[in-house]
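So you know, we letter chains A, B, ... as the sequences are listed, proteins then strands, and number each from 1. Just so it is clear, the structure is predicted and the values come from calculations on it, not from any experiment.
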Number of protein chains: 2
Amino acid sequence: MPVLADPSIDQHGVRRRILDSTAELIIEHGVAGVAQRQIAERVGIRAASLYHHFASQNEIVEAVFRRGIDVMEHAWDEAAERTRGASPRTRLAAHIRAHLSALFDHGPYTAAHVTAFRTAPATVREAVVPMRDAYEARWAAFLGELAADGELADGTPVGLSRLALFGAMNTTVEWFDADRGNLDELADTITHQFWNGVAA
Amino acid sequence: MPVLADPSIDQHGVRRRILDSTAELIIEHGVAGVAQRQIAERVGIRAASLYHHFASQNEIVEAVFRRGIDVMEHAWDEAAERTRGASPRTRLAAHIRAHLSALFDHGPYTAAHVTAFRTAPATVREAVVPMRDAYEARWAAFLGELAADGELADGTPVGLSRLALFGAMNTTVEWFDADRGNLDELADTITHQFWNGVAA
DNA sequence: TGGCGCCCCTAACGAACGTTCGGTAGGGTC
DNA sequence: GACCCTACCGAACGTTCGTTAGGGGCGCCA
């Protein structure tokens with residue numbers, strides 16, 4: 001098994017560049033549309049050489065998803081720590097901004113995950129789903145806490161509301177251009193819309 | 001070119017069943033994950049026979065997307081007619097319900113379109129994009145009209161709000177189970193959240 | 001009854017796929 | 001100088017891909 005035991009041993013950054021290229025290709029063409037020879041070409045090696053770093057193509061895809069979730073969780077933690085003790089609305093805004101940061105500021109991994117996870121092979125999905133659930137559980141706990149504290153309107157279906165918010169945030173990758181748009185503004189808009197709605 | 005000149009000439013429904021199966025497979029595996037032999041197997045014919053009904057695989061995919069957009073537009077028209085003269089909030093609710101109806105009540109076409117369009121081959125995307133834009137323009141005009149009438153809060157970024165609403169609606173296909181959940185409730189929740197927000 | 005068009009078939013094509021294999025250049029260790 | 005390990009290579013494997021060529025059965029109309 002020619003897999004590196006410790007991922008940190010990657011002196012030339014090839015393993016990392018394989019993951020980068022794969023994540024970009026997943027965003028463009030979906031999981032099934034990614035070919036090893038394409039990945040290898042972007043990295044500057046041959047397809048056979050991928051097997052020095054990973055045991056199979058599915059393992060590369062799985063590593064991309066794992067990293068994508070990892071990025072989201074780190075962004076969550078950083079936002080939670082930064083806004084500890086702040087108002088509910090401030091904390092919510094920070095977590096929305098953090099999620100968008102994961103999508104646009106920290107590489108293509110999170111975007112690859114949220115856009116392509118659903119169509120990935122079953123084996124890959126099953127291996128990743130516990131990590132996914134853990135991240136969603138943080139959101140569920142946070143919003144549940146807000147509801148318990150009376151910060152949400154009576155009768156708000158917290159589960160559905162959370163999924164609608166996820167939908168609004170995750171589909172930004174389909175149209176938002178991080179190079180031209182303002183990510184702070186985007187986060188503020190989504191936060192305000194989720195919190196107050198659009199009605200006059 | 002063994003393509004039927006008139007799509008309505010499809011007495012045995014094979015053409016329609018090809019589109020059905022393709023749309024389902026697109027939802028499951030993405031555009032690049034669909035193989036002609038899988039489509040044919042679901043229909044009960046051989047892969048080569050697909051070429052009696054379509055000139056190429058891309059043409060099948062394009063037809064699926066076109067039908068998906070067609071379904072959305074018909075749902076829009078029906079909702080518009082039914083709520084002509086009603087209150088803004090009632091009309092909005094009807095259009096949201098209609099969009100969800102297109103996603104869940106009228107075959108897999110719209111769901112296939114909204115989940116897979118982005119990763120389709122460029123030639124397919126370019127052929128379909130005018131239809132897409134026309135549908136989005138209806139929403140943009142409707143929401144712009146609401147803003148002009150003072151129904152939306154001052155400073156509401158109509159374009160961004162529309163895209164966030166699209167995201168919330170379209171990602172329901174990833175988690176909502178039409179057989180178990182209540183589509184009316186879902187539509188009400190999304191409408192209320194878009195209009196009023198979740199805050200107490 | 002003969003022919004014709006619709007609908008589907010079998011067979012096969014070249015290309016691309018993921019993967020495996022044996023090998024080698026270069027650097028570090030004893 | 002012998003040995004090993006890392007990182008990569010070219011070549012090839014068997015399979016699956018989209019697509020094409022050619023043919024046959026069946027219903028309809030002359």
Side-chain angles (χ1 to χ4, degrees), chain A residues 1-23 25-26 28-64 116 119-124 127, chain B residues 1-23 25-26 28-64 116 119-124 127:
Chain A
M1 233 38 81
V3 180
L4 289 172
D6 182 358
S8 68
I9 302 175
D10 180 31
Q11 297 183 320
H12 298 74
V14 172
R15 186 190 156 97
R16 175 62 177 272
R17 277 158 56 213
I18 291 171
L19 294 179
D20 270 340
S21 302
T22 304
L25 287 166
I26 286 175
E28 287 176 46
H29 306 116
V31 181
V34 179
Q36 290 184 5
R37 286 166 175 84
Q38 290 178 42
I39 302 171
E41 195 188 358
R42 294 204 179 189
V43 176
I45 59 177
R46 303 286 159 173
S49 307
L50 295 171
Y51 287 84
H52 179 72
H53 302 275
F54 296 93
S56 70
Q57 178 163 344
N58 276 350
E59 205 178 80
I60 303 179
V61 174
E62 191 184 314
V64 166
T119 57
T123 53
V124 173
Chain B
M1 224 56 66
V3 180
L4 290 171
D6 182 357
S8 69
I9 302 175
D10 182 29
Q11 297 183 320
H12 298 74
V14 173
R15 188 190 154 95
R16 176 61 177 272
R17 278 157 56 215
I18 291 171
L19 295 179
D20 270 341
S21 303
T22 304
L25 287 166
I26 286 175
E28 287 176 47
H29 306 116
V31 181
V34 178
Q36 290 184 4
R37 286 165 176 84
Q38 291 178 43
I39 301 171
E41 195 189 359
R42 294 204 178 187
V43 175
I45 59 176
R46 302 286 162 174
S49 306
L50 296 171
Y51 286 84
H52 179 72
H53 302 274
F54 295 93
S56 70
Q57 177 162 344
N58 276 350
E59 206 178 78
I60 303 180
V61 173
E62 191 184 313
V64 166
T119 58
T123 53
V124 173

(request) Measure from CZ on B:R46 to P on C:dT10 and round the result to the nearest Å. (result) 5 Å

(request) Give a yes or no answer on whether the side chain of B:E28 reaches the backbone of B:G33 with a donor-acceptor pair at less than 3.5 Å. (result) no

(request) Mind listing the closest non-hydrogen atom pair of A:V43 and A:R17 along with its distance? (result) O-NH2, 2.6 Å

(message) Would you compute the distance between atom CD of B:E59 and atom CG of B:L50 and round it to the nearest 0.5 angstrom?
(response) 12.0 Å

(message) For the backbone of B:T123 and the side chain of B:E62, can you confirm whether one donor and one acceptor N or O come within less than 3.5 Å of each other?
(response) no

(message) Would you say that B:R42 contacts B:L25 through its side chain, given a criterion of any heavy-atom pair below 4.5 Å between the two side chains?
(response) yes

(message) Can you tell me if A:H52 touches the phosphate of D:dC8, counting only side-chain N or O atoms and a distance under 4.0 Å to OP1 or OP2?
(response) no

(message) Under the rule for salt bridge (charged side-chain N to carboxylate O under 4.0 Å, His left out), what residues qualify as partners of B:R37, not counting sequence neighbours?
(response) none

(request) Output the single nucleotide from D:dG10, C:dC9, D:dC8 whose closest atom is nearest the side chain of B:I45. (result) C:dC9

(request) Figure out the CZ/P separation between B:F54 and C:dC7, and round it to whole Å. (result) 13 Å

(request) Spell out protein contact along nucleotides 12-27 of chain C as letters: B when the base is contacted, S when just the sugar-phosphate is, - when no protein heavy atom is under 4.0 Å; keep the 5' to 3' order. (result) B----BBBB-------

(message) Between P on D:dT19 and CD1 on B:I39, what's the gap in Å once rounded to a whole number?
(response) 10 Å

(request) Report yes if at least one side-chain N or O of B:S49 is closer than 4.0 Å to OP1 or OP2 of C:dC7; otherwise report no. (result) no

(message) For C:dC6 and B:H53 - does any side-chain N or O of the residue sit under 4.0 Å from the phosphate oxygens OP1/OP2?
(response) no

